[in-house]
Protein chains: 2
Amino acid sequence: MLEAKLEDAGILKKLIDAIKELVTDANFECSEEGITLQAMDNSHVALVAVKLVQSGFKKYRCDRPMPLGVNVGSLTKVLRCAKDDDTCTLRAADEADVLNLTYEPKNSDRVAAYDLKLMDIDSETLGIPKTSYEARVVLSSAEFLRIVRDLSQLGDSVRIEVSKEGVRFASDGEAANGSVLLKGQGPIGKVEQEKKEKKDDDEEGEDEDADGDKKKEKKTKVKKEKDGDEDVEMDDDEAADEDGEEEKEDDEEDDDDDEGSKKRKKKARLSKSSPKASKKAKTASSSKSKKGKSKADDDDDDKDAVLIQMNSHVSLTFSLKYLVNFSKSSNLTRKVELYMSNDVPLLVSYTFGEGYVRYYLAPKIGDD
Amino acid sequence: MLEAKLEDAGILKKLIDAIKELVTDANFECSEEGITLQAMDNSHVALVAVKLVQSGFKKYRCDRPMPLGVNVGSLTKVLRCAKDDDTCTLRAADEADVLNLTYEPKNSDRVAAYDLKLMDIDSETLGIPKTSYEARVVLSSAEFLRIVRDLSQLGDSVRIEVSKEGVRFASDGEAANGSVLLKGQGPIGKVEQEKKEKKDDDEEGEDEDADGDKKKEKKTKVKKEKDGDEDVEMDDDEAADEDGEEEKEDDEEDDDDDEGSKKRKKKARLSKSSPKASKKAKTASSSKSKKGKSKADDDDDDKDAVLIQMNSHVSLTFSLKYLVNFSKSSNLTRKVELYMSNDVPLLVSYTFGEGYVRYYLAPKIGDD
DNA sequence: CGGTCTGGAG
DNA sequence: CTCCAGACCG
């Protein structure tokens, strides 16, 4: 038996809306930890992984693991019947053949209930590409959307290149070639992946601060939860310090190394961990560094700030069609994280208060 | 070598957006005076003339005249990649086969650069219809847009009639007929075209004076600046003299034979007539005529004010489809000027700080 | 949230 | 070629 109450139906609406063009049918795997969905897109080129953590719900109960096979198109129709700020409750009996969705405005006696027919869907087990990367870029989700949308007008694919210069998105087309270079806001550090703690609602996710460049020693593994969802982590060789913390220091400038600055933000992501506190700390430390980087930590850092971490230069080419599609998730959170390593699938991750949506896309082969 | 920096890419975006449905390919003629473009619409019914004056750029350099043949659709795509307030720089080397467009947000480390492929385009020399008119109407561009859009729902064409009563836009359709009458805000004066005085920024713009172009033989020489620009001026031949009174309306009444009247207007159309001198004279005379024109000059009149000047009654019928299309330029400036003479193409002119866009449209023959 | 425009399907 | 649906923009 499942009963999951979301404070705002909007989250679910945006989430499903973002993936509906990629996935037509999928199993919502419900367990006591939350609800996950993983699916290959219709053409089996991209992989979508969604998670709504139990803690993201106002109320959550799931007695036993159960897969709910839904037609995403049908679910979209049902979700359109909810207003963004309606409270939305999902219910399914064990072995049920319908998923019940109830919408209740926060101040009203109205109650709308829908029963979505379920279907049996083969759980094709999907291999999540990898969990450590040579480069990580965190940027405004709106900017990423803008870039891929712009470039998609010129050509079909984009070459994403992370170098000391920054991150460059370039596309060649019949009528014109285009290139967008983002400098990054501070020294380029090694990849670290803690992205987790929950900051405020939409922002969280990315407070990773810039840790300047520390050497690569710290790696970061994000892994969080116990069971291992796929977490992202950078592969920095030596790194490995305990995952708990990443050392994100602040200084991007001279990076003084993060002496104590690195706090533990990472794990927080799934586990709730202590959000605010850590963030605060970080902010302070960073502030001391040079001028501006303060932004790094403050989650509300200016939305234009771009964080770039890389262990080695990467250059990959991807289909813009998919990236544009992934970018529909921009309305879920203000930041997006790109994880790349040469010759392996790109991970585009949107983390928000209640969970995340991650997209994996294989690079085009002939990429330079 | 061309290097032209516009403070805001928005101007160019709106400009190109406005003409993209009329023109598919065109030469941007760059010279030290600025950039001009002249082209017939795809069906050769309308003519578009654009000018961006050198002084409208934040920085402008063009060592030698050069035509840049661009596909307007491609340019539109590239311009869509710019935000309205981005600084936009156009660059082209001599003999280059690409036009480089660089966009830089005013506060950011982002730099986007696009190379638009150029093409060779035959400079079909275009004959700018005429330079003097029997009637001039200046009205809010938004109002003009509204009128033609409204009427376009009823029928395919509109009869524009300028009389002592004001200016009337009328359309007959299957289901309904419609008519919009604008009174004009003051007495109707003679046409005067000095509009060149600089009025407020968005108004002036075309100081190039009119030398109109004479018969089509000059056709294009766009390059040559001086002689070529098309300038608008009214042809008040007779008007000038006695213009004081507008008895002209009567003529059209019986116009038919009005040998005299017709012909002269005819000729006006093709011949360029004497520019400056006449104009000056005219202006003076006109001013003395009724009082109305006073406002004429003050262009900044309230935006709803409609200025009407006419030497003789005019009544012409045009395709609404084109007028609606021309009206896309409404977002460039608050005022639009309509210049008309019986049986010659209408001139719809939008003048803004950096230059102007002018559209010429031949009247429908069977107009009443 | 609503309106307009573009793309896809019949 | 027209109509309907989806996406994008204001």
Side-chain angles (χ1 to χ4, degrees), chain A residues 8-24 41-43 46 48 71-86 88 103 105-108 110 112 140-156 173 175 319-332 336 350 357 359, chain B residues 8-22 24 43 71-86 103 141-142 145-146 148-150 152-153 156 174 320-321 324-332 334:
Chain A
D8 290 327
I11 303 290
L12 193 55
K13 291 179 65 175
K14 296 189 189 96
L15 200 46
I16 300 305
D17 206 61
I19 68 170
K20 74 170 191 293
E21 283 188 36
L22 289 170
V23 181
T24 53
D41 84 293
N42 300 327
S43 53
V48 185
N71 173 279
V72 179
S74 300
L75 176 56
T76 297
K77 288 178 181 167
V78 172
L79 287 173
R80 284 210 179 123
C81 301
K83 291 189 62 176
D84 282 2
D85 58 350
D86 283 350
C88 171
Y103 310 137
K106 297 198 167 57
N107 302 311
S108 166
R110 167 185 165 136
S140 153
S141 54
E143 176 140 69
F144 181 60
L145 166 64
R146 178 71 199 236
I147 292 170
V148 297
R149 182 177 293 171
D150 282 354
L151 296 180
S152 70
Q153 297 191 89
L154 306 181
D156 293 334
S319 160
L320 278 165
K321 170 168 167 282
Y322 285 94
L323 297 184
V324 168
N325 218 316
F326 299 168
S327 293
K328 287 185 179 168
S329 299
S330 295
N331 54 358
L332 283 163
V336 60
Y350 293 89
V357 200
Y359 300 93
Chain B
D8 290 326
I11 304 289
L12 194 54
K13 291 180 65 175
K14 297 189 190 98
L15 201 46
I16 300 305
D17 206 61
I19 68 170
K20 74 168 191 292
E21 283 189 35
L22 290 171
T24 55
S43 52
N71 173 279
V72 180
S74 298
L75 176 56
T76 297
K77 286 178 180 171
V78 172
L79 287 174
R80 282 205 184 124
C81 301
K83 291 188 63 175
D84 282 2
D85 58 349
D86 282 350
Y103 308 137
S141 53
L145 166 62
R146 178 67 198 245
V148 297
R149 182 175 291 173
D150 284 353
S152 71
Q153 296 190 60
D156 293 333
E174 307 251 314
L320 278 164
K321 170 166 166 284
V324 168
N325 216 315
F326 299 167
S327 294
K328 286 186 178 170
S329 299
S330 296
N331 54 359
L332 282 164
R334 299 223 291 270

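All heavy atoms count here, side chains included; hydrogens, waters and symmetry mates do not. Labels below follow one simple rule: chain letters A, B, ... track the order of the sequence lines, proteins then strands, and each chain is numbered from 1.
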Quick one: which protein N/O atoms are closer than 3.5 Å to N/O atoms of nucleotides 8-10 of chain D? Pair and distance per line, please.
from  : atom 1 : to       : atom 2 : distance (Å)
D:dC9 : OP2    : A:Arg149 : NH1    : 2.5

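- Rounded to whole Å, atom P of D:dG6 lies 17 Å from atom NZ of A:Lys321.
- In this structure, the CG atom of A:Asp17 is 10 Å from the P atom of D:dG6, given to the nearest Å.
- Applying the side-chain contact (heavy atoms from CB on, under 4.5 Å) test between A:Ser152 and each of A:Asn325, A:Leu323, A:Leu320, A:Ile147 identifies A:Leu320 as the sole match.
- B:Leu12 CG to B:Asp86 CG: the interatomic distance, rounded to the nearest 0.5 Å, is 12.0 Å.
- Scored by the salt bridge (Lys or Arg N to Asp or Glu O under 4.0 Å) test, B:Asp150 finds B:Arg146 as partners (sequence neighbours excluded).
- With rounding to whole Å, A:Lys13 atom NZ is found 15 Å from D:dG6 atom P.
- Separating the NZ atom of B:Lys77 from the P atom of C:dC5 is a distance of 19 Å, rounded to the nearest angstrom.
- Of all the heavy atoms in B:Leu332 and B:Ile11, the pair that sits closest is CD2-O, 3.9 Å.
- In plain terms, the two heavy atoms of A:Val78 and A:Tyr103 that are nearest each other are O-OH, 2.7 Å.
- For the pair A:Ser141 and A:Ser330, the tightest heavy-atom approach, listed with the atom from each and the gap, is O-OG, 3.2 Å.
- Computed from coordinates, the B:Arg80 CZ to C:dT6 P distance equals 8 Å when rounded to whole Å.
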